[in-house]
*Asks:* 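Sharing a structure below in structure tokens format, with a few things to ask.
To find a chain, count down the sequence lines: A is the first, B the second, and so on, and within it residues start at 1. Side chains included, hydrogens not; waters and symmetry mates left out as well; all remaining heavy atoms used. In this text the structure is predicted, and so the values were computed from the model without any measurement.
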Number of protein chains: 2
Amino acid sequence: MAKRPVTIPDAELDVLKVLWQKGQGTVRELLGALHESGRTWSYATVATLLERLSNKGMVASDRSELAFVYRPVISKQEVRQKRVQSLVDKLYKGEPGLLVMHLLKSHPLPPDQAVEVKTLIEQMSNAPPKGGAKKKK
Amino acid sequence: MAKRPVTIPDAELDVLKVLWQKGQGTVRELLGALHESGRTWSYATVATLLERLSNKGMVASDRSELAFVYRPVISKQEVRQKRVQSLVDKLYKGEPGLLVMHLLKSHPLPPDQAVEVKTLIEQMSNAPPKGGAKKKK
DNA sequence: ATAATGCTAAGACAAGTGTCTCTCAGAGTC
DNA sequence: GACTCTGAGAGACACTTGTCTTAGCATTAT
């Protein structure tokens with residue numbers, strides 16, 4: 001059996017988020033930040049989550065200080081990328097365009113973002129994408 | 001402790017997908033369809049997944065025939081909606097616009113979809129979103 | 001009626017998740 | 001040195017997910 005792919009469950013993601021936001025931190029520091037954002041975990045819980053993230057290679061730790069200082073190894077971008085990819089694959093037949101459409105239809109954008117999107121699209125039509133290279137149609 | 005929210009894990013989602021596609025089916029029928037799409041599950045596995053989906057209220061079963069006939073209760077749209085919402089909440093600060101941007105930047109759209117999106121956006125700017133009303137600062 | 005089949009029910013079981021309690025080693029304090 | 005505070009480590013424990021084995025009931029073919 002194919003070993004299950006590495007995943008980042010929700011609880012771990014919450015820890016990662018404060019790590020991204022703070023850059024790094026000890027268990028206690030992160031615990032504090034998490035409490036502020038509503039999480040009521042105990043010290044041990046946060047430590048366990050960091051431990052697991054560490055085993056998965058998503059965070060690194062350094063013990064030059066008294067306590068371990070954790071630092072994210074994976075970026076928010078990467079996690080987003082993976083999650084989006086998986087969502088598109090699983091529910092949008094691998095076609096990101098369908099997701100975009102769905103998003104635009106069900107969640108109207110604030111005007112400024114609408115403009116931004118429009119601009120992006122226009123640029124895109126000028127410089128066509130396509131798999132291989134710069135293009136040479 | 002707050003009871004965990006109802007989720008649809010990947011394996012169950014695969015079953016749901018064939019249900020959406022076929023409209024309904026018995027365990028054996030669904031098993032067949034799943035095999036065709038590459039899943040090598042045993043009969044019992046599919047039965048278990050349907051059972052779990054049933055407990056969660058995602059599918060309904062009817063036993064007028066010899067075997068239970070399962071039918072989806074939740075629609076693909078609803079599942080998509082929930083997954084997207086959760087993704088946006090967890091990784092895009094609740095702003096779908098950010099996701100749209102990300103998608104457009106990292107996954108170039110085929111031209112026809114690009115046009116479609118553009119049209120949508122344009123319509124949107126003309127007919128501003130309902131409820132909220134577009135305010136003039 | 002019997003045997004052969006198909007179906008569901010029940011449960012097993014390992015790995016993954018969400019959370020925590022306990023214990024112990026160091027550092028700082030009196 | 002004895003006491004206390006902090007933090008790391010180990011492990012616990014219940015529930016979820018992915019998959020399956022078995023036993024037993026209903027249906028059908030012989």
*Asks:* Could you state the atom-to-atom distance from CD of B/E29 to C1' of C/dC7 in whole Å?
*Replies:*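 So the two atoms are 13 Å apart, to the nearest Å.
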
*Asks:* Nearest to the side chain of A/R4, heavy atoms from C-beta on, is which of D/dT16, D/dT17, C/dC20?
*Replies:*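 For the A/R4 side chain, the nearest candidate turns out to be D/dT17.
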
*Asks:* Side chain of A/S42 only, please: which of C/dG11, C/dT17, C/dC20 is the nearest?
*Replies:*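 Closest nucleotide among those given: C/dC20.
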
*Asks:* What heavy-atom pair brings B/L16 and B/P72 nearest, and what distance separates the two atoms?
*Replies:*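 Minimum heavy-atom separation between B/L16 and B/P72: CD2-CB, 4.2 Å.
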
*Asks:* Please report the distance, rounded to the nearest Å, between CD in B/E65 and P in C/dC7.
*Replies:*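 It works out to 12 Å between those atoms.
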
*Asks:* How many whole angstroms separate atom CG of A/D10 from atom P of C/dT17?
*Replies:*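 One finds 10 Å between P of C/dT17 and CG of A/D10, rounded.
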
*Asks:* Whole Å only: how far is the CG atom of A/L50 from the C1' atom of C/dC20?
*Replies:*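 Taking atom C1' of C/dC20 as the reference, CG of A/L50 is at 16 Å.
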
*Asks:* Starting at atom CG of A/L49, determine the distance to atom P of C/dG18, rounded to an integer number of angstrom.
*Replies:*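 Roughly 7 Å, once rounded to whole Å.
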
*Asks:* Calculate the interatomic distance between B/L34 atom CG and D/dC20 atom P; express it in whole Å.
*Replies:*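 My rounded result for the distance is 12 Å.
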
*Asks:* With distance as the sole criterion, is a donor-acceptor pair present between the side chains of A/T45 and A/T48 under 3.5 Å?
*Replies:*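 Distance-only check fails for A/T45 and A/T48.
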
*Asks:* Tell me: CG of B/L53 to C1' of C/dT8, nearest whole Å?
*Replies:*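 After rounding, the reported distance stands at 17 Å.
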
*Asks:* Within a reach of under 6.0 Å around NZ of B/K90, are more than 12 heavy atoms found that belong to other residues, nucleotides or ligands?
*Replies:*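 Yes, enclosed.
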
*Asks:* Where do A/F68 and A/S61 come nearest, in terms of heavy atoms and distance?
*Replies:*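 Heavy atoms only, the tightest pair is CD2-CB, 3.9 Å.
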
*Asks:* Do you know the tightest heavy-atom contact between A/R28 and A/Y43?
*Replies:*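 Looking at all heavy atoms of both residues, the shortest contact is NH2-CD1, 3.1 Å.
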
*Asks:* What nucleotide, of D/dT17, D/dT19, D/dC20, holds the atom closest to the side chain of B/R39?
*Replies:*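 So the side chain of B/R39 is nearest to D/dT19.
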
*Asks:* Do the rings of A/H107 and A/H102 sit parallel, tilted or perpendicular, given the 30° and 60° boundaries?
*Replies:*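 Rings of A/H107 and A/H102: parallel, as their planes differ by under 30°.
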
*Asks:* For B/D89 versus A/K17, what's the shortest heavy-atom pair and its separation?
*Replies:*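 The pair with the smallest heavy-atom distance is O-NZ, 4.5 Å.
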
*Asks:* Looking at every non-hydrogen atom in both residues, tell me the closest pair between A/L13 and A/I8 and how far apart they are.
*Replies:*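 Shortest heavy-atom contact: N-CG2, 3.8 Å.
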
*Asks:* Return the residues of residues 82-93 of chain B meeting this criterion: a heavy atom under 4.0 Å from some atom of DNA chain C. Order them by number, or give none.
*Replies:*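 Heavy-atom cutoff 4.0 Å gives no residues at all.
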
*Asks:* Hey, what are the protein-to-nucleotides 2-9 of chain D N/O distances that come in under 3.5 Å?
*Replies:*
unit_1	atom_1	unit_2	atom_2	d
D/dG7	OP2	A/R28	NE	2.0
D/dG7	OP2	A/R28	NH2	2.9
D/dA8	OP1	A/F68	N	2.9
D/dA8	OP2	A/Y43	OH	2.3

*Asks:* Taking all non-hydrogen atoms of both residues into account, name the closest pair between B/A67 and B/T26 and its distance.
*Replies:*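 Smallest heavy-atom distance, with atoms named: CB-CG2, 4.2 Å.
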
*Asks:* Any donor-acceptor pair under 3.5 Å between the side chain of A/R52 and the base of C/dT19?
*Replies:*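 Indeed there is one.
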
*Asks:* Would you kindly give the CG-to-P distance between A/N55 and D/dG11, to the nearest whole Å?
*Replies:*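 Rounding to the nearest Å, CG of A/N55 and P of D/dG11 are 14 Å apart.
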
*Asks:* Start at the 5' end of DNA chain D and walk down; is the nucleotide closest to B/K56 or to B/T45 reached first?
*Replies:*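 First, find each residue's nearest nucleotide; the 5'-ward one identifies B/K56.
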
